[in-house]
Protein chains: 2
Amino acid sequence: MTESRGSTHAKRAAYDLRQRIVKGEMPGGTRLYEVALAEELQVSRTPVREAMSRLAEEGLLERAKGGGFVVRSFTHSDLIDAIELRGVLEGTALRLAAEAGAADDKLEALGTLLCEIDASFGADGAPPNLELYAGLNSDFHDLIVRLCPSTIVRSELERVKSLPFASPSAFVFRNRESKAMMESLVIAQAQHRAMVEAVAGREGSRAEALAREHARIARQNLEKKALDTAEPDPALALIVD
Amino acid sequence: MTESRGSTHAKRAAYDLRQRIVKGEMPGGTRLYEVALAEELQVSRTPVREAMSRLAEEGLLERAKGGGFVVRSFTHSDLIDAIELRGVLEGTALRLAAEAGAADDKLEALGTLLCEIDASFGADGAPPNLELYAGLNSDFHDLIVRLCPSTIVRSELERVKSLPFASPSAFVFRNRESKAMMESLVIAQAQHRAMVEAVAGREGSRAEALAREHARIARQNLEKKALDTAEPDPALALIVD
DNA sequence: ACGCCCCGATTTGTATACATTTCGGTGTAT
DNA sequence: ATACACCGAAATGTATACAAATCGGGGCGT
């Protein structure tokens with residue numbers, strides 16, 4: 001009610017709860033008690049229930065056996081699998097887009113975005129801005145999805161991406177600069193261009209393979225970051241292992 | 001409350017609502033009014049809301065903009081896409097199973113099941129029992145999923161299969177016998193065996209390709225059934241087009 | 001020691017009254 | 001004719017009292 005956003009109590013409660021979950025307070029398996037949460041969030045049980053329902057739809061909570069909700073547990077391999085699954089679904093989205101043929105204006109928009117991404121990490125000599133890169137990268141992946149003619153595939157992909165650690169920009173390096181990091185950006189960007197090219201050329205299979213391989217970069221970054229225990233990535237907070 | 005099952009009012013309400021939706025009463029886009037439903041289902045608004053939440057989790061309802069719920073609309077191409085997506089996810093499940101190596105006892109169980117399926121449609125001279133086949137086919141696809149080591153992939157696959165028209169046995173022929181129908185069963189069963197064999201032999205790519213192609217049979221059956229306007233398939237009821 | 005039943009505290013489920021928001025129609029002014 | 005503001009009906013949002021189910025522990029019998 002203080003700083004959280006949303007027009008109704010239920011939405012605010014959902015927002016607050018979501019924050020607490022992804023920050024790692026309330027680790028996987030934690031049971032959520034309506035009365036306790038209602039007090040903490042300063043609302044009645046009704047909007048709390050509503051909020052928990054919404055988070056269950058998002059996949060952050062599970063319904064417990066005897067009623068009520070439990071924070072969903074994610075292990076390290078769930079994290080790997082979610083990234084893999086995102087790759088598979090993005091691949092399918094691109095393949096279907098390629099097979100059906102993509103609209104020219106959307107492909108053009110992607111072209112401009114690709115140039116902006118180039119600029120963001122200093123491909124043309126400008127100083128790199130990694131926060132900007134992360135945002136543009138996320139935009140790119142959103143645009144890619146919209147190429148896909150299938151509502152069903154799009155919505156399932158959005159669903160998987162809503163998991164905080166499966167989002168395309170989850171493990172992009174943002175702070176320290178290193179040679180390996182810049183190289184991974186160059187590779188990722190080459191894949192971006194190839195993916196758009198493949199869709200434009202109706203090379204469905206190529207587009208699909210590229211998207212899968214592209215997701216592997218997230219996995220690599222994750223593994224690099226996992227070693228960096230000094231500065232744990234916030235997206236890793238809800239991994240219980 | 002009369003004949004529907006479930007221990008709580010909310011579960012019964014969810015069951016009743018689900019039935020009404022998949023039967024095609026309340027076509028896609030229909031808005032659900034809490035008070036009206038509460039009267040029809042003889043419960044208060046609270047369990048109705050709870051029921052609608054659950055159906056939204058299943059993907060049968062969507063939250064409307066100004067609050068409330070709307071029956072999700074499915075078009076003919078959504079149906080095609082859902083089957084395609086099931087093929088993609090089953091393919092991924094099998095590929096991961098093949099890459100990780102599947103437990104022998106599970107493969108054995110699949111072997112026995114395959115023989116039962118043979119018997120069900122009269123491969124050994126016995127009279128075909130298509131109801132039985134549909135059930136065993138469904139069991140087979142459930143067992144297949146369980147080979148997959150990834151919880152995430154399994155749960156997303158289960159989610160897609162929960163759509164009534166994306167389930168593996170949705171469009172299996174059950175009533176009239178025809179040469180084409182028996183042939184499709186033979187082909188499907190050959191694919192079943194090949195899928196298990198591929199997983200056992202750790203041929204991930206082959207397993208994936210087979211699962212995708214296998215899903216195409218459902219699509220073929222669907223197209224055959226779509227022509228049969230005299231006896232529309234119940235799974236088609238919630239397609240609005 | 002083990003299982004079982006019973007009980008009470010805790011927690012969720014339900015109904016309902018009331019608050020708030022939303023939506024559609026109607027009127028007026030431009 | 002269009003845009004806008006207003007209003008009232010109808011819908012959802014919220015709080016809360018009460019009902020029912022669940023979980024855990026203690027006692028008892030075997």
Side-chain angles (χ1 to χ4, degrees), chain A residues 1-21 25-73, chain B residues 1-21 25-73:
Chain A
M1 198 183 261
T2 54
E3 47 166 335
S4 47
R5 58 194 175 202
S7 50
T8 71
H9 288 171
K11 286 178 184 168
R12 277 192 287 270
Y15 178 82
D16 287 354
L17 251 180
R18 189 187 299 110
Q19 291 300 99
R20 293 176 59 170
I21 291 170
E25 323 169 23
M26 326 177 85
T30 304
R31 175 141 190 189
L32 301 182
Y33 295 103
E34 294 179 5
V35 282
L37 282 174
E39 282 178 20
E40 292 176 37
L41 301 174
Q42 299 283 325
V43 293
S44 77
R45 284 173 54 206
T46 311
V48 170
R49 278 166 89 79
E50 172 71 13
M52 294 194 295
S53 278
R54 287 168 182 265
L55 296 184
E57 285 175 44
E58 290 178 26
L60 249 43
L61 300 182
E62 284 174 341
R63 290 184 188 271
K65 60 165 184 178
F69 294 85
V70 170
V71 178
R72 187 161 166 201
S73 294
Chain B
M1 197 180 268
T2 54
E3 47 168 336
S4 48
R5 58 194 174 203
S7 50
T8 71
H9 288 171
K11 286 178 185 169
R12 277 191 286 270
Y15 178 82
D16 287 354
L17 252 180
R18 190 186 298 110
Q19 291 300 99
R20 293 175 59 170
I21 291 170
E25 323 171 23
M26 323 176 90
T30 304
R31 176 145 191 184
L32 301 182
Y33 295 103
E34 294 178 5
V35 282
L37 283 174
E39 283 178 19
E40 292 176 37
L41 302 174
Q42 298 284 325
V43 292
S44 78
R45 283 173 55 206
T46 311
V48 170
R49 279 166 87 79
E50 172 72 14
M52 293 194 296
S53 276
R54 288 168 182 264
L55 296 184
E57 283 175 47
E58 290 179 25
L60 249 44
L61 299 182
E62 284 174 340
R63 288 184 189 272
K65 59 166 185 179
F69 294 84
V70 170
V71 178
R72 189 163 166 198
S73 293

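Computed from a prediction, not measured in an experiment: that's the story for all the values here. Sequence lines set the chain letters: A, B, ... in the order given, protein chains first and strands last, and positions in each chain run from 1.
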D/dA15 phosphate, OP1 or OP2, under 4.0 Å from A/His9 side-chain N/O: yes
Distance, rounded to the nearest Å, where [X] contributes [atom1] and [N] contributes [atom2]:
X	N	atom1	atom2	answer
B/Leu32	D/dA11	CG	C1'	13 Å
A/Arg12	C/dT21	CZ	C1'	13 Å
A/Glu34	D/dC18	CD	C1'	15 Å
B/Arg63	D/dG13	CZ	P	8 Å
B/Leu61	D/dT12	CG	P	13 Å
A/Leu37	C/dT12	CG	P	9 Å
B/Lys11	C/dT12	NZ	C1'	11 Å
B/Lys65	D/dA11	NZ	P	16 Å

Ion pair check, B/Arg54 and B/Glu58, cut-off under 4.0 Å: no
Stepwise side chain to side chain contact (heavy atoms under 4.5 Å, CB included) test for B/Met26 and B/Leu32: CA-CA 9 Å; B/Met26 323 176 90; B/Leu32 301 182; 3.0 Å; yes
Selection: residues 45-53 of chain B, any non-hydrogen atom under 4.0 Å of DNA chain C: B/Arg45, B/Thr46, B/Pro47
Looking only at heavy atoms, what is the nearest atom pair of [X] and [Y], with distance?
X	Y	answer
B/Ala10	B/Glu50	CB-CG, 3.3 Å
A/Arg63	A/Ser53	NH2-OG, 3.9 Å
B/Arg45	B/Val35	CD-CG1, 3.8 Å
A/Gly67	A/Arg31	O-NH2, 2.9 Å

pair A/Leu61-A/Val71: side-chain heavy atoms closer than 4.5 Å: yes
Nearest-nucleotide comparison on DNA chain D, the residue closer to the 5′ end among A/Gly66 and B/Gly66: B/Gly66
Sugar-phosphate only, base, or nothing, as touched by B/Arg31 at under 4.0 Å among non-hydrogen atoms: sugar-phosphate
Given D/dC23, C/dT14, D/dT16, the nucleotide with the shortest approach to the side chain of A/Ser44: D/dT16
